Amino acid sequence: MTFGIGPAAELLELSLPTFRDYARRHGYDVIVGDGASQGRPTAWGKVPLLREALNSYDFAFWIDADALILDPDQDVEALIPRAAFQAYAQVTAPPDVGLTPCTGVWALRGEDRTTRFLDLVWAQEDLIAHPWWEQAAVMRASGWDLGTRPFRKMSSSEWDSGTHILPETWDMIPWFSIGYASGVIRHYAAWQHELRAFDMRTDVAAMQGRRARYSVGLLERQVRGRSRVAATALRRMVTR
């Protein structure tokens with residue numbers, strides 16, 4: 001499950017073929033939502049979409065539009081204990097943020113606990129405008145303190161026993177040290193749109209065997225932190 005509207009529609013064009021390939025391999029249907037979020041910021045739209053889908057399906061695997069499945073061989077459901085109703089990775093953020101759950105890659109089972117949890121997440125209306133939207137609501141419902149940095153899980157919650165933590169290779173964010181490692185999913189979260197689109201195209205080029213485009217992309221990654229001018233020039237060398 002996914003959606004991509006506005007600028008994210010361009011990113012979904014890149015990611016959706018990898019989602020469809022994964023679905024064919026492991027027997028999933030692909031559901032692309034329209035981004036409806038009942039007046040909230042778009043990211044919140046995944047919550048009612050997942051809730052509705054889980055009335056008909058026994059398992060849902062959500063992936064944000066700005067992510068690519070790099071290694072489609074492992075079925076995520078096989079990694080999740082049957083006693084768990086949800087699973088996500090905890091990503092290693094910069095020191096001022098700390099370790100944090102990430103709902104950009106989020107697996108959920110169709111059961112009563114899931115419905116109650118999603119309803120609790122949605123009910124946290126004071127977090128509607130939080131920069132992390134529904135992820136902040138998931139964190140707070142799970143005992144994380146959003147008022148301190150770095151974020152910390154300060155208390156246990158009734159949801160802990162049903163939450164499975166996936167390896168970080170399932171949600172690798174390139175801002176962080178694991179971001180460009182080999183893994184299952186690379187998630188280009190919180191970047192400028194131009195950088196996300198370019199970097200996603202770099203990894204798509206690698207999957208398609210387009211070595212020249214991939215080489216330019218790798219060079220851009222190497223110089224990005226040292227010279228914004230050089231990185232911009234490299235991005236302008238290619239259109240796709």
Side-chain angles (χ1 to χ4, degrees), residues 1-26 28 30-32 42-43 46 61-76 79 87-94 100 102-107 135 166-228 230-240:
M1 300 184 66
T2 192
F3 60 65
I5 62 172
E10 178 185 3
L11 308 181
L12 185 59
E13 288 183 7
L14 299 169
S15 60
L16 191 56
T18 72
F19 300 168
R20 295 196 186 283
D21 175 61
Y22 190 88
R24 283 192 297 268
R25 289 170 182 255
H26 300 295
Y28 290 88
V30 176
I31 296 176
V32 180
T42 304
K46 72 178 67 168
F61 187 29
W62 172 273
I63 310 177
D64 280 359
D66 60 346
L68 291 172
I69 299 177
L70 304 179
D71 181 356
D73 289 339
Q74 178 71 61
D75 182 1
V76 65
L79 297 179
Y88 47 69
Q90 292 183 349
V91 299
T92 307
T100 174
C102 184
T103 54
V105 177
W106 193 11
Q135 182 172 304
L166 294 168
E168 195 171 354
T169 51
W170 282 84
D171 196 351
M172 301 183 300
I173 298 179
W175 280 43
F176 312 141
S177 58
I178 196 174
Y180 288 121
S182 298
V184 182
I185 295 175
R186 185 164 293 136
H187 181 196
Y188 310 80
W191 291 23
Q192 297 175 9
H193 178 76
E194 177 191 6
L195 291 178
R196 279 194 279 191
F198 182 86
D199 219 21
M200 289 177 72
R201 288 193 174 99
T202 295
D203 285 322
V204 168
M207 289 186 277
Q208 295 175 343
R210 294 187 287 123
R211 289 190 289 181
R213 170 62 181 82
Y214 183 54
S215 296
V216 172
L218 287 183
L219 182 59
E220 190 274 347
R221 288 176 184 174
Q222 293 169 9
V223 304
R224 184 182 298 172
R226 299 195 294 270
S227 171
R228 181 177 299 179
T232 300
L234 285 166
R235 290 196 296 274
R236 290 175 178 171
M237 286 175 57
V238 296
T239 58
R240 305 298 292 178

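Just so it is clear, the structure is predicted and the values come from calculations on it, not from any experiment.
- Atom OG1 of T18 sits about 11.5 Å away from atom CG of D71, to the nearest 0.5 Å.
- A distance of 8.5 Å separates CE in M200 from CG in L12, rounded to the nearest 0.5 Å.
- T92 and E168 share a side-chain donor-acceptor pair at under 3.5 Å.
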Any chance you could lay out the side-chain contact (heavy atoms from CB on, under 4.5 Å) test for V91 and T100, step after step, and finish with the verdict? CA-CA 5 Å; V91 299; T100 174; 3.5 Å; yes
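- A salt bridge links R25 to D73: at least one charged side-chain nitrogen sits closer than 4.0 Å to a carboxylate oxygen.
- For the ring pair (Phe, Tyr, Trp, His ring centres under 6.0 Å) with W62, the lone residue among Y88, Y28, F3, W106 that qualifies is F3.
- Between F61 and Y22, the ring planes are tilted. Angles from 30° to 60° get that label.
- For the atom pair CH2 (W170) and CG (L79), the distance works out to 5.5 Å, reported to the nearest 0.5 Å.
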Before giving the answer on salt bridge (charged side-chain N to carboxylate O under 4.0 Å, His left out), spell out for D199 and R186 the whole-Å C-alpha distance, their side-chain angles and the decisive distance to 0.1 Å. CA-CA 10 Å; D199 219 21; R186 185 164 293 136; over 6 Å; no
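- The closest donor-acceptor contact from the side chain of Q135 to the backbone of T103 lies under 3.5 Å.
- For the atom pair I5 CD1 and T42 OG1, the distance stands at 4.0 Å (nearest 0.5 Å).
- The backbone N or O of A65 lies less than 3.5 Å from a partner atom in the side chain of S15, making a donor-acceptor pair.
- Counting all heavy atoms, side chain and backbone alike, D66 lies closest to R196 at OD2-NH1, 2.8 Å.
- The main-chain N or O of L219 is never found under 3.5 Å from a side-chain atom of R224 such that the two would form a donor-acceptor pair.
- Annotation: cation-pi pair R221/Y214 absent, no NZ/CZ under 6.0 Å from the ring centroid and within 45° of its normal.
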Derivation of the side-chain contact (heavy atoms from CB on, under 4.5 Å) call for L68 and F19: CA-CA 8 Å; L68 291 172; F19 300 168; over 6 Å; no
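- Within the model, atoms CG of L218 and CZ of R211 stand 12.5 Å from one another, a figure rounded to the nearest 0.5 Å.
- Atom CD of E220 sits about 7.0 Å away from atom OG1 of T202, to the nearest 0.5 Å.
- Of the possible polar contacts, one joining the T232 side chain to the R228 backbone as a donor-acceptor pair under 3.5 Å is found.
- Between the R226 side chain and the Q222 main chain, a donor and an acceptor come within less than 3.5 Å of each other.
- D203 and Y180 share no side-chain donor-acceptor pair at under 3.5 Å.
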Start with the C-alpha gap between D171 and Q90, add the side-chain angles, then the distance that decides, and say whether side-chain contact (heavy atoms from CB on, under 4.5 Å) holds. CA-CA 8 Å; D171 196 351; Q90 292 183 349; over 6 Å; no
Test salt bridge (charged side-chain N to carboxylate O under 4.0 Å, His left out) applied to E10 and R201, step by step: CA-CA 11 Å; E10 178 185 3; R201 288 193 174 99; 2.9 Å; yes
Stepwise side-chain contact (heavy atoms from CB on, under 4.5 Å) check, I63 with H187: CA-CA 9 Å; I63 310 177; H187 181 196; over 6 Å; no
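- In terms of heavy-atom proximity, V30 sits nearest to A23 at CG2-CB, 3.5 Å.
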